[in-house]
Amino acid sequence: MEVIEVKNLKKSFKISKRNPGIKGAFGGLFKRTYENIEAVKDVNFTINQGEIVGYIGPNGAGKSTTIKILSGIMVPDGGECVILGRTPWKERINHVKNIGVVFGQRSQLWWDLPLRDSFELLKDIYKIPRNTYEENLKELTEILNTKDLMDIPVRQLSLGQRMKCELMASLLHKPKILFLDEPTIGLDAVSKLVVRDFIKKINRERGVTVILTTHDMDDIEDLCHRVIVIGKGKVLSDGPLEDLRKEVLSERRIILNTFNPISQNQINKILSHKSYINYIESKNDKVILGFDPNKTSSQDLISFLSSKVSIKDMLIENPPIEEIISKLYKKFNIN
């Protein structure tokens, strides 16, 4: 069932420009020039209930602008957006009852209040019944292990602790859709794993639809089966992550650990025998080769390489998602 439908969404901003230096600043007092920036133009997509969708693109691509429109914070210049049967900016009060939003660089918690007081205020804002609130709070506290944080002022929490609490705050009213804008920004490796596991859990157990924007490609790889790539305000690609891999870079990687260092001469001989193998890098007893899976099977490739070098261990994997996205940006001439 479709829960989000976006058609021809548009949003532009008028920004003032001035020449540098004192002369430019002084001239700006009397006459200002403006430039129109199209942040989002003709964006179209639909999202079904229970999906976790990655919404990714370079800085300035229009990701956060789209999320703000979908959450009802911002009014677009044109186009349509229907979420759970409502237009976000026209029916905002009813709309926000069914969504949760986390902005990695913005807080919905009260800085100087103990965490418990922030949650109590949110309970009153969303008019959550006391029994429902206590039940949700207990469940979220146990999942994220935040029981010991409840009486600490928000300003004294670490970044990782605060992001856990931001997620709790966004889910207290049991929303059906969760918008996450850079939720793991600045987190350490352990905190990122906790946040990812939590997102998967509430998606699996509560059926919450998740739209995730992030520059951390590990988040995308771990969480999202579907990826929407946006650049210069337009959708460049929309589909399963595996389809994106095949479309942009079908190559796979084989990482070899050998008993003895592989010489450049050995590598050259391997490459000269098989045109579908290409050299990526080597260091001491490890070499990384790329190969086209449409031209050879992994079994045949391993058999061939075993006849050329003494293999101690090996690993076959896909190229890093960062490389896939980088090639897609280059394809569309996006920096």
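Atoms considered below: every heavy atom in the structure, side chains included; atoms not considered: hydrogens, waters and symmetry mates.
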Chemist: In plain terms, say whether Lys200 and Asp222 are close enough for a salt bridge, that is, a side-chain N and a carboxylate O under 4.0 Å apart.
Modeler: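 Salt bridge flag = yes for Asp222 with Lys200.
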Chemist: Kindly say whether Leu187 contributes a backbone atom to a donor-acceptor pair with the side chain of Thr184 at under 3.5 angstrom?
Modeler: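 No, Thr184 side chain to Leu187 backbone: no donor-acceptor pair under 3.5 Å.
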Chemist: Counting distance only, does the side-chain N/O of Lys308 pair as donor-acceptor with the main-chain N or O of Ile267 below 3.5 Å?
Modeler: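 No: the side chain of Lys308 does not pair with the backbone of Ile267.
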Chemist: Please determine if Asp216 and Lys192 form a salt bridge, counting it only when a charged side-chain N lies under 4.0 Å from a carboxylate O.
Modeler: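 Here Asp216 pairs with Lys192 in a salt bridge, since their nearest N and O are under 4.0 Å apart.
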Chemist: Could you check Lys164, Met168, Arg162 and say which one makes a side-chain contact (heavy atoms from CB on, under 4.5 Å) with Glu166?
Modeler: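 Among Lys164, Met168, Arg162, the one meeting side-chain contact (heavy atoms from CB on, under 4.5 Å) with Glu166 is Arg162.
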Chemist: When you measure from the side chain of Ser303 to the backbone of Gln299, do you find a donor-acceptor pair of N or O atoms at a distance under 3.5 Å?
Modeler: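 Answer holds: no.
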Chemist: Compare all side-chain heavy atoms of Leu171 with those of Arg206 and state whether any distance is below 4.5 angstrom.
Modeler: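 Sidechains of Arg206 and Leu171: in contact.
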Chemist: How far does NZ of Lys295 sit from CG of Leu301, to the nearest 0.5 angstrom?
Modeler: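 CG of Leu301 is found 13.5 Å from NZ of Lys295.
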Chemist: Who pairs with Tyr126 by ring pair (Phe, Tyr, Trp, His ring centres under 6.0 Å), at least two apart in sequence or on another chain?
Modeler: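 Once residues adjacent in sequence are excluded, the partners of Tyr126 under the ring pair (Phe, Tyr, Trp, His ring centres under 6.0 Å) criterion are His173.
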Chemist: How would you list, by chain and number, every residue that makes a salt bridge (Lys or Arg N to Asp or Glu O under 4.0 Å) with Asp148, sequence neighbours excluded?
Modeler: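 Asp148 satisfies salt bridge (Lys or Arg N to Asp or Glu O under 4.0 Å) with no other residue.
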Chemist: Do Ser297 and Asp300 meet the criterion of a side-chain donor-acceptor pair at a distance under 3.5 Å?
Modeler: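 Their side chains do contain a donor-acceptor pair, which is all the 3.5 Å distance test asks for.
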Chemist: List, by chain and then residue number, the residues other than Phe259 in its hydrophobic cluster (Ile/Leu/Val/Met/Phe/Trp/Tyr, side-chain heavy atoms under 4.5 Å); write none if there are no others.
Modeler: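 Other cluster members: none.
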Chemist: Taking only Lys NZ, Arg NE, NH1 and NH2, and the carboxylate oxygens of Asp or Glu, determine whether Arg130 and Glu120 approach each other closer than 4.0 Å.
Modeler: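 Result for this pair is yes, salt bridge flagged.
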Chemist: Counting only pairs under 3.5 Å, give me each side-chain donor-acceptor contact of residues 88-99, with atom names and distances, residues two or more places apart or in other chains.
Modeler:
residue : atom : partner : partner atom : Å
Glu91   : OE2  : Thr87   : N            : 3.2
His95   : NE2  : Leu70   : O            : 2.9

Chemist: Between Ser170 and Leu167 (side chain of the first, backbone of the second, donor and acceptor by atom type, cut-off under 3.5 Å), is there such a pair?
Modeler: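 Yes, because the side chain of Ser170 sits within donor-acceptor range (under 3.5 Å) of the backbone of Leu167.
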Chemist: Can you name the ring pair (Phe, Tyr, Trp, His ring centres under 6.0 Å) partners of Phe45, sequence neighbours left out?
Modeler: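 For Phe45 the ring pair (Phe, Tyr, Trp, His ring centres under 6.0 Å) partners, ignoring immediate neighbours, are Tyr55.
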Chemist: Quick one: ring-ring contact (aromatic ring centres under 6.0 Å, His included) pairs with a partner in residues 58-81, sequence neighbours left out?
Modeler: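 Those involving residues 58-81 do not exist here.
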Chemist: Show every ring-ring contact (aromatic ring centres under 6.0 Å, His included) that has at least one partner inside residues 176-220, sequence neighbours left out.
Modeler: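 For residues 176-220: none.
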Chemist: Let me confirm one number: the OG1-CG distance from Thr258 to Asn260, rounded to the nearest 0.5 Å.
Modeler: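 The OG1 atom of Thr258 sits 6.5 Å away from the CG atom of Asn260.
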Chemist: Under 4.5 Å between side-chain heavy atoms, chaining through other members, with only Ile, Leu, Val, Met, Phe, Trp and Tyr counted: pull out the rest of the cluster around Ile255, sorted by chain and number.
Modeler: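 Result for Ile255 is Ile280, Ile288, Leu315.
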Chemist: Checking Glu135 now: which residues fulfil salt bridge (Lys or Arg N to Asp or Glu O under 4.0 Å) with it, not counting sequence neighbours?
Modeler: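 Here no residue qualifies.
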Chemist: List for me each residue that meets salt bridge (Lys or Arg N to Asp or Glu O under 4.0 Å) alongside Lys11, sequence neighbours excluded, and say none if there are none.
Modeler: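 Partners of Lys11 under the salt bridge (Lys or Arg N to Asp or Glu O under 4.0 Å) test: Asp77.
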Chemist: Name all residues meeting the salt bridge (Lys or Arg N to Asp or Glu O under 4.0 Å) criterion together with Asp218; count only those two or more places apart in sequence or in a different chain, and write none if there are none.
Modeler: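 If we apply the salt bridge (Lys or Arg N to Asp or Glu O under 4.0 Å) test to Asp218, skipping adjacent residues, there are no hits.
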Chemist: Report yes or no: does Gln266 contribute a side-chain atom to a donor-acceptor pair with the main-chain N or O of Ser263 at less than 3.5 Å?
Modeler: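 The answer is yes, because a donor-acceptor pair under 3.5 Å joins these two groups.
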Chemist: Identify, with sequence neighbours excluded, every residue that meets side chain to side chain donor-acceptor pair (under 3.5 Å) alongside Thr65.
Modeler: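 Residues passing side chain to side chain donor-acceptor pair (under 3.5 Å) with Thr65: none at all.
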